[in-house]
Amino acid sequence: MAFDPAVIDSKWQARWELDGLHKVLDDDPRPKWYEMTMYPYPSGDLHIGHWYAMAPADAHARFRRMQGYNVLHPIGFDAFGLPAENAAISRGIHPYEWTISNIENMRRQLRSLGAIYDWDREVITCQPEYYRWNQWFFLKFFEKGLAYRAKAPVVWCPSCQTVLANEQVLNGACERCGTEITRRDLEQWFFKITEYADRLLDFSGLEEWPDKILSMQQNWIGRSEGVEISFDISAVGLDEKEIRTFTTRIDTLFGVTFVVLAPEHPLVPGLTTEDNQQAVDEYISKARQTSEIDRLASDKEKTGVFTGSYAVNRINGERIPVYIGDYVLTTYGTGAVMGVPAHDSRDFIFAQKYKLPIRIVIAPIEWNGQDVSEAYIGEGFMTNSGAYDGMTNEEGKTAIAIDLEKKDWGSRTVSFRIRDWLISRQRYWGTPIPMVYCGSCGVVPVPEADLPVLLPQDADFTPTGESPLAANEDFVKTTCPKCGTAARRETDTMDTFMDSSWYMMRYLDPHNAKDPSNSKLLQKWMTVDQYTGGAEHAVMHLLYSRFFTKGMHDMGLVEYDEPFLRLFNQGVILGADHDKMSKSKGNVVNPDDFVGTLGADAVRCFLMFIGPWDQGGPWSDVGINGTARWLNRVWDIVARDASSLDTAATNAEMVRDTNRLLHQTVRKCHSDLDRFRFNTAIAALMELTNHLNKVWADSSVDSKTWDGCTEKLLLMLAPMAPHMTEELWEMKGHPYSIHQQDFPTWDDDLAAEDVITLVLQVNGKVRDKIEVSANIEESEAQALAMASPKIQGFVAGKSVVKSVYVPGRLVNVVVN
RNA sequence: GCCGGGAUGGCGGAAUGGCAGACGCGGCGGACUUAAAAUCCGCUAUCUUAACGGAUGUGUGGGUUCGAGUCCCUCUCCCGGCACCA
C-alpha cells in the first residue's frame with residue numbers, strides 16, 4: 001500500500017476525535033503535566049508561524065504523554081482586540097461575527113496539524129462566559145486596592161485613537177500601526193504592578209526560564225537604589241519649600257551646580273520669575289510640540305531655560321540656578337534632577353551649553369587637577385567635598401546618605417522604571433470595566449451578582465477618541481448600585497492582556513459559571529509545567545500574568561504564586577530568502593499548500609528539522625522534500641514483511657550492531673525530545689532508518705531484530721509524525737493507539753560500543769586510526785600507537801616527550 | 001551607549017576540551033526506464049598530488065593546553081531587547 005498522507009491525515013483526525021483520544025480527564029491517576037502554548041489571536045488564517053509555534057509544542061506534549069504523564073495541552077483564542085474592530089470599521093462586519101468566523105476557520109486549520117488539543121476545553125476570551133471573570137477579577141483587584149483610577153499623562157495613538165500601555169510603544173511609535181504617539185492627560189484605570197516590582201524581580205520560584213527573558217524583565221522593572229534629596233527653595237516664597245530630586249550618585253552632591261526640572265513639573269510656574277516668563281513659556285510650548293520620538297532620542301541636543309530662581313544645596317549652602325530642561329523626564333523619579341556636570345554626561349553637555357560651572361568632586365585615577373573634557377563616571381576618591389574628602393566614592397555614598405537622613409534633607413529610596421499597568425482602552429472590542437459613576441456616591445463598583453456587564457451588540461465603531469460605548473445611551477445609563485439614583489457606566493474597556501493574565505486557569509474549568517476556575521482543579525493542575533511561545537511577550541504578557549498571579553495569591557484566590565514554571569521561546573520562522581516573512585516581500589509560506597500534498601507530518605517534521613527550535617530559521621520549499629522523502633522511506637521500510645529475512649545471511653555481529661544502534665538512538669531521541677532538540681532527534685531517527693535500509697539489502701539481520709527496530713522507530717517518531725505512525729502501527733497489527741503506548745526505553749549495556757576507533761595523534765595531529773576493543777588498557781593502547789608505522793614515520797628522529805592517553809578516544813604522542 | 005544571543009562547506013545545520021562538517025538540502029556520477037518523473041546506489045570543505053598522501057580550514061588577532069569550533073582576552077560584523085531612567 002502506498003503512502004497517501006492526505007487520506008491518512010483525515011482518516012486519523014476523524015478517528016481520534018470520534019474516540020475522544022485527546023480528551024483529558026481530571027481524575028486520571030497518572031501524574032499531571034500541564035503544557036501550554038501561547039494562544040493565537042484569531043486573525044483568520046493559520047500561517048506557518050503558528051505551525052512553527054504549535055507543531056513542536058505538540059510533539060513535546062505528546063512525548064510527555066508517552067512518558068506516562070496525564071498531559072493537558074489546551075488551545076484557545078485571544079479574541080478581543082483592535083483588528084476585529086478595524087475590520088468592523090473598514091468592512092462593516094460586526095467584530096463578533098468577524099472574530100467567530102475567523103475562529104471557525106482557524107479551528108479547522110488547527111485540526112489539520114493533528115495536535116492533541118482537547119476541544120472541550122477551548123477558551124474564547126470575547127465571550128461573556130469568559131470576560132465576566134475579567135470583570136470579577138477587576139473587582140477583586142479594586143477591593144484589594146490594586147486597581148485605582150487616576151489622571152495621568154498617558155500614551156496616546158492618534159491613529160488607533162486610544163491610549164496605549166507603555167509596553168505597547170516602540171521607539172516612540174504605536175506598536176500596532178507605527179504612528180508616532182502623543183501624550184494626553186486622562187482619567188484612567190491602573191493596576192498597581194509597581195507595588196509588586198520587588199517581588200517580580202525575585203525569580204526564585206521559576207525553573208528553567210531563558211536568561212534572556214529574565215534579564216528583559218529585570219531591565220524593564222529597572223530597579224535602582226539611590227537617595228531622594230531636597231534642595232531648599234524657601235527663599236522664593238512659595239508654599240512648597242523644596243525641590244525633591246532623585247539620584248543614584250549622592251556621592252557627587254558637592255558637585256551640584258544647578259537643578260533641572262522637567263517642563264511638566266508642578267513647581268515650574270511658581271519658580272519662573274517675571275523676567276524669564278516669556279522664555280520659559282516659549283520653551284514649554286516648544287517642548288510640547290516636539291514629538292515623542294524626538295524627545296526620547298538620547299542623542300538629541302540637551303536644551304533648557306533658566307527659571308530665574310535659585311535653590312540652596314544644603315550640604316554646602318551654595319545657591320544654584322534652577323533650570324527647566326526636556327531631558328528630564330516627568331515620569332521617572334521625582335521629575336527633577338540635581339545637575340552634576342563633572343560626573344554625568346548629560347549634565348556635562350547641558351552645563352557646557354549654558355556655561356554652568358563644572359566642579360570635579362570624584363577624583364579620577366591619575367587626575368592632575370585639570371579640567372576634564374567629558375564627564376567622569378567612574379570610581380575615585382572624594383574631593384572638594386568638605387568633610388568627605390579622601391573617602392572612596394563608595395564610602396562617600398553611604399556617609400553622605402546617612403548624614404542627610406540625620407538632618408532630614410533626604411532619604412535612601414529605591415526608584416523603578418516600571419510604571420503602573422494602564423488597563424483602560426477607549427475601544428469597543430474589549431471587556432467593559434465594571435464601574436459606575438454616581439453623582440452622589442462617586443465611583444461605585446458593579447456588584448458581583450450583576451456580572452457580567454455585557455458588551456452591547458450595537459455600537460458606532462468609528463474612533464472618536466472616546467470609547468464607542470459612550471455613544472450608546474442604553475449602555476451608559478444605569479442606576480447607582482449603592483443609592484439607586486441615575487448613574488453612568490464606565491465606557492472604557494480593558495487591555496486584552498487582562499484576558500491572557502489568567503487564561504491558564506480557565507482551561508481547567510472552561511464552563512464554570514460560579515467561579516473563574518474550580519479550586520480543586522487549580523490545585524491539581526497548576527502551576528503550568530511548561531509554557532512555550534514567542535519572546536515578544538517577555539515584558540508584557542509574561543510580566544502581567546506573573547503580577548496577576550501574585551495578586552491573586554495575596555488575595556487567597558490561588559495557592560501558587562508563579563503561573564509558569566518553565567518557559568521555552570521558539571525562534572522566528574523566516575522566508576526562504578532569510579528575511580522576515582511579509583506580504584510585501586512576497587516570501588510568505590502558506591502551510592495549507594504543503595499539508596495538502598505532503599501531509600501534516602511532513603510539515604511538522606520539517607519545521608522541527610530545520611534547526612534548533614529556539615533559533616528559528618529560514619523555510620525552504622525544496623528542503624521539505626527531504627523530510628517528506630524520509631517519511632516515505634520510513635513508510636516503505638516499516639511496511640515490509642520481515643519474514644523473508646530469516647535466511648542463512650543473518651549475521652550475529654550485524655544483529656548486535658543493529659541492536660546497539662537502536663538503543664543508542666532511543667537514548668539520544670529521549671534526551672533530545674526532553675530538551676526540545678527536535679532537529680537532532682530526527683537526525684538520529686534518519687540514521688537508524690539508513691542503517692535499516694542497509695541491513696535489509698543484505699538480509700544480515702533476522703526478522704525479530706528487524707521488527708523490534710521498526711516498532712521502536714514508529715514509537716519514537718509518533719510525537720513528531722502522529723498520523724503516519726498511527727497508520728503503520730495499525731498496519732503492523734498493533735493495538736490502537738500508538739499514542740497511548742509508552743516511549744521506548746534503552747539499555748546502556750546494549751548501547752555500549754565494544755569496538756572503538758582509537759585515534760593516534762602526533763603533537764595533536766591525527767596520523768592514524770585503529771580499531772581496538774572498547775575496554776583496552778592504557779599500556780596496550782600506548783604500545784599499539786608506537787607500533788603504528790604511520791606514527792613511527794612522524795616520530796622518527798625525534799624524541800618522545802610524553803604520550804597522552806584518553807580512554808576510549810585517543811593516544812597523543814608528544815615529540816620535539 | 002548598555003544588556004542578551006550569534007558567526008562552522010554552495011545552503012539549513014551537527015559536534016561531554018579529543019577523528020570538524022553528523023543528518024538533510026542542493027550539485028555531480030551511476031542503476032532502473034523507450035524517455036522523463038519517482039526510487040535506489042556512490043561521490044561532494046579548500047588547495048596540492050597521476051595516485052598513496054600532504055597542507056590548510058569553524059568571523060579577526062592573541063592566549064591557556066599534549067590537544068581549542070568548544071575555555072580566556074581583543075576586535076569586526078549580524079540578530080534581538082533596552083535606551084536622556086538621573
Side-chain angles (χ1 to χ4, degrees), chain A residues 170-171 210-220 222-224 226-227 245-250 252 260 295-302 325-329 331-340 343-347 349-350 415-418 535-536 538-539 569 571-572 574 576 578 580 606 609-612 614-627 629-630 632-633 636 677 679-687 689-690 693-694 697 757-769 790 801-816:
Chain A
L170 286 177
N171 295 323
D211 290 341
K212 182 187 169 186
I213 302 293
L214 299 186
S215 93
M216 281 168 75
Q217 293 204 349
Q218 217 159 17
N219 290 338
W220 189 262
R223 184 183 201 274
S224 56
V227 172
T245 67
F246 175 77
T247 180
T248 55
R249 292 297 305 275
I250 197 65
T252 64
V260 190
R295 232 189 114 169
L296 288 178
S298 52
D299 52 359
K300 201 196 73 167
E301 196 190 354
K302 309 276 176 282
D326 69 358
Y327 78 95
V328 177
L329 305 176
T331 50
Y332 184 77
T334 59
V337 299
M338 59 184 217
V340 187
H343 304 291
D344 181 284
S345 48
R346 294 152 302 179
D347 296 344
I349 296 166
F350 191 82
S415 217
F416 292 96
R417 207 190 74 105
I418 192 173
E536 67 273 17
V539 290
N569 294 121
V572 179
L574 304 172
H578 293 53
K580 218 170 165 176
F606 180 61
F609 185 63
I610 289 175
D614 54 346
Q615 261 174 46
W619 172 266
S620 166
D621 284 353
V622 282
I624 190 174
N625 290 328
T627 314
R629 270 201 291 268
W630 171 59
N632 265 300
R633 215 153 50 231
D636 178 56
R677 305 281 296 256
N679 57 328
T680 46
I682 290 175
L685 293 179
M686 285 173 168
E687 285 185 73
T689 315
N690 293 343
N693 237 356
K694 279 205 182 72
T757 302
L758 189 69
V759 173
L760 306 181
Q761 300 182 335
V762 175
N763 285 349
K765 284 192 198 296
V766 180
R767 297 303 183 188
D768 200 3
K769 300 170 191 178
K790 286 183 187 163
V801 177
K802 65 172 169 176
S803 184
V804 180
Y805 173 64
V806 182
R809 296 245 179 228
L810 57 79
V811 175
N812 184 16
V813 182
V814 184
V815 300
N816 59 16

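Heavy-atom basis, side chains included; hydrogens, waters and symmetry copies ignored.
Distance check on atom P: B/C11 versus B/A45 gives 14 Å, rounded to whole Å. With C1' as the reference atom, B/U60 and B/C78 are 15 Å apart, rounded to whole Å. Annotation: B/G17 and B/U65 have their C1' atoms spaced 9 Å apart (nearest Å). Separation of the P atoms belonging to B/G67 and B/G57 is 15 Å when rounded to the nearest angstrom. Between the P atoms of B/A55 and B/A68, the separation comes to 15 Å (whole Å). Distance noted for atom C1' between B/G9 and B/G4: 29 Å (whole Å). Taking the P atom of each, B/A14 and B/G53 are spaced 31 Å apart, rounded to whole Å. Comparing the P positions of B/U16 and B/A86 gives a spacing of 41 Å, expressed to the nearest Å.
Atom P of nucleotide B/G4 and atom CE of A/Met216 are separated by 13 Å, given to the nearest angstrom. A/Asp614 has its CG atom 16 Å from the P atom of B/G80, to the nearest Å. Spacing between atom CD of A/Gln218 and atom P of B/A83 amounts to 15 Å, rounded to whole angstrom units. The distance from atom CG of A/Asn625 to atom P of B/G26 is 7 Å, rounded to the nearest whole Å. Atom NZ in A/Lys302 sits roughly 14 Å away from atom P in B/A86 (whole-Å rounding). In this structure, CD of A/Glu536 is placed 12 Å from P of B/C82, rounded to the nearest angstrom. Atom-to-atom, CG of A/Asp768 to C1' of B/G53 comes out at 13 Å; the value is rounded to the nearest Å. Atom CG in A/Leu214 sits roughly 11 Å away from atom C1' in B/G4 (whole-Å rounding).
Positionally, the nearest nucleotide of RNA chain B for A/Ala535 lies more toward the 5' end than for the other of A/Ala535 and A/Asp347. In terms of position along RNA chain B, the nucleotide closest to A/Asn763 lies nearer the 5' end than the nucleotide closest to the other residue of the pair A/Thr334 and A/Asn763.
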Original post:
How far apart are the C-alpha atoms of A/Met338 and A/Thr252, what are their side-chain angles, what is the distance that settles it, and do they pass the side-chain contact (heavy atoms from CB on, under 4.5 Å) test?
Top reply: CA-CA 10 Å; A/Met338 59 184 217; A/Thr252 64; 3.7 Å; yes
Original post:
Can you list the steps and then say if A/Phe609 with A/Ile624 is a side-chain contact (heavy atoms from CB on, under 4.5 Å)?
Top reply: CA-CA 9 Å; A/Phe609 185 63; A/Ile624 190 174; over 6 Å; no
Original post:
Yes or no on side-chain contact (heavy atoms from CB on, under 4.5 Å) for A/Phe606 and A/Ile682, after CA distance, side-chain angles and deciding distance?
Top reply: CA-CA 9 Å; A/Phe606 180 61; A/Ile682 290 175; over 6 Å; no
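At a threshold of 4.5 Å between non-hydrogen side-chain atoms, the residues A/Val814 and A/Asn763 count as touching. Between A/Tyr327 and A/Asp347, the closest side-chain pair of non-hydrogen atoms falls below 4.5 Å. At least one side-chain heavy atom of A/Arg633 sits less than 4.5 Å from a side-chain heavy atom of A/Asn690. Counting heavy atoms from C-beta on, the side chains of A/Leu760 and A/Lys790 never come closer than 4.5 Å. Counting heavy atoms from C-beta outward, A/Ser803 and A/Tyr805 have side chains that stay 4.5 Å or more apart.
Looking at heavy-atom distances under 4.0 Å, A/Pro612 makes contact with sugar-phosphate atoms alone, never a base. Using a 4.0 Å heavy-atom criterion, one finds that A/Arg677 contacts the sugar-phosphate atoms exclusively. Nucleic acid contact class of A/Val814 (heavy atoms, under 4.0 Å, all strands): sugar-phosphate only.
In this structure, CG on A/Asp636 lies 14.5 Å from CZ on A/Arg629, to the nearest 0.5 angstrom. Rounded to the nearest 0.5 angstrom, A/Thr627 OG1 and A/Asn632 CG are separated by 11.5 Å. Distance check: A/Trp220 CH2 to A/Arg417 CZ gives 4.5 Å after rounding to the nearest 0.5 Å. Distance CD/A/Gln761 to NZ/A/Lys769: 10.5 Å, rounded to 0.5 Å.
Applying the 4.0 Å criterion to OP1 and OP2 of B/A83, one finds that A/Arg417 has a side-chain N or O inside that range. Within the structure, a side-chain polar atom (N or O) of A/Lys765 is placed less than 4.0 Å from OP1 or OP2 of B/U56. Taking 4.0 angstrom as the limit, A/Ser620 places none of its side-chain polar atoms (N or O) nearer than this to OP1 or OP2 of B/C11. OP1 or OP2 of B/G12 has at least one side-chain nitrogen or oxygen of A/His578 nearer than 4.0 Å.
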Protein-nucleotides 18-24 of chain B N/O pairs closer than 3.5 Å?
from	atom 1	to	atom 2	distance (Å)
B/G18	N2	A/Gln761	OE1	3.4
B/C19	O2	A/Lys769	NZ	2.5
B/A22	O2'	A/Glu687	OE1	3.4
B/A22	O2'	A/Glu687	OE2	3.2
B/G24	OP1	A/Asn690	ND2	3.1

Which atom pairs link the protein and nucleotides 5-10 of chain B when you take only N or O atoms and keep those under 3.5 Å?
none

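Using a distance-only test at 3.5 Å, with no hydrogens or angles considered, a donor-acceptor pair links the side chain of A/Asn812 to the main chain of A/Gly764.
Closest non-hydrogen pair, A/Lys302 versus A/Ile349, comes out as CG-CG2, 3.9 Å.
Look at B/G9: its glycosidic torsion is within 90° of 0, and that puts it in the syn range.
Residue A/Trp220 has its side chain nearest to B/C82 when only B/G81, B/C82, B/A86 are considered.
RNA chain B contains the following stems of three or more consecutive Watson-Crick or G-U pairs, with both distances under 3.5 Å: B:1-7 with B:76-82, B:10-12 with B:23-25, B:26-31 with B:39-44, B:45-48 with B:53-56, B:61-63 with B:71-73.
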